[in-house]
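Sending over a structure as structure tokens; questions will come in a sec.
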Amino acid sequence: MTGPLIFVVEDDRDVGRLICSTLEGYGYRTEHFVLARDLMGRLRQARPALVVVDLGLPDRDGLQVVRDLQEAGGFPVIILTGRGHTSDRVLGLEFGADDYVVKPFEPRELVARVRSVLRRFERAAESLPAGKGTARFAGWSFETESQTLITPDGAAVVLGTAESDLLKALLRRPNRILSRAFLLDLKGDAADPGPFDRSIDVRMSRLRKRLGEDPHDPRILKTIYGAGYMLCAQVGWE
Ligand code: CA
């Protein structure tokens, strides 16, 4: 299976299994964790597209887990909370969760929420600033109007439009996983290449070369296995 990877942290094993099997029925890949500790450990090796967090965990306050997830990379988060725990929901959203589902819930409702949060994350593009101006990141800068990339040494390289659009899309959404499907969509490719089109990988490796990245250990443009790509840097726009 190659769908987006969803992590589920839920100490009730039956509920956790039900969530995972429902999501898998819709093409997602899942991993279930009973403890927050196991989830955080796994995040050092794998990056999910989204994390479902039960707020009532035995080893850590669920809200703290939500906060940790924000710090670990700004993962989209959906919280599961008990009926009537209004303050949990409000706090969860304040802590950076993207949505919540109240227990007991219909598994398909959770799938719908997952889908909509993922879509919102990917479509955030349209509501972001037009991306005009200059982006500064990791010692580099990129002037969007002239499509000029300036190296840390001050050398200027003019990028082609495809590369430039890709870089702009990444710079507008730093530290977030962007799927191949989303990145391909940027150009509105008429042929609808589908999420596993390889042309994006080719563009990405060209862009890495421009940025002087080691293809085996890229620092700025990371491949997130099974999920897509992420630009890892602080980006400032001027
Ligand atoms: Ca629980």
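Atoms within a ligand are numbered from 1 in the order they appear, just like the ligands themselves. The figures that follow rest on heavy atoms only: side chains count, while hydrogens, waters and symmetry mates do not.
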Candidates L211, L221, L207, L178 - the one meeting side chain to side chain contact (heavy atoms under 4.5 Å, CB included) with L231:
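Of the listed options, the one satisfying the test is L221.
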
Atom name in D54, limited to N/O/S, at shortest distance from the Ca ion (ligand 1):
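Going by distance to the Ca ion (ligand 1), the closest N, O or S atom in D54 is OD2.
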
Would you say the side chains of E24 and T30 form a donor-acceptor pair under 3.5 Å?
yes

Do any N or O atoms from the side chain of T134 and from the backbone of E143 form a donor-acceptor pair under 3.5 angstrom?
no

Taking both backbone and side-chain atoms into account, decide whether P58 has an N/O/S atom under 3.0 Å from the Ca ion (ligand 1).
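So P58 does not bind the Ca ion (ligand 1) by this criterion.
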
Give the intermediate values and the outcome of side-chain hydrogen bond (donor to acceptor under 3.5 Å, both in side chains) for residues T223 and R208.
CA-CA 11 Å; T223 301; R208 279 193 180 127; 2.8 Å; yes

So, 3.0 Å as the limit: is an N/O/S atom of D11 located closer than that to the Ca ion (ligand 1)?
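Coordinating: yes.
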
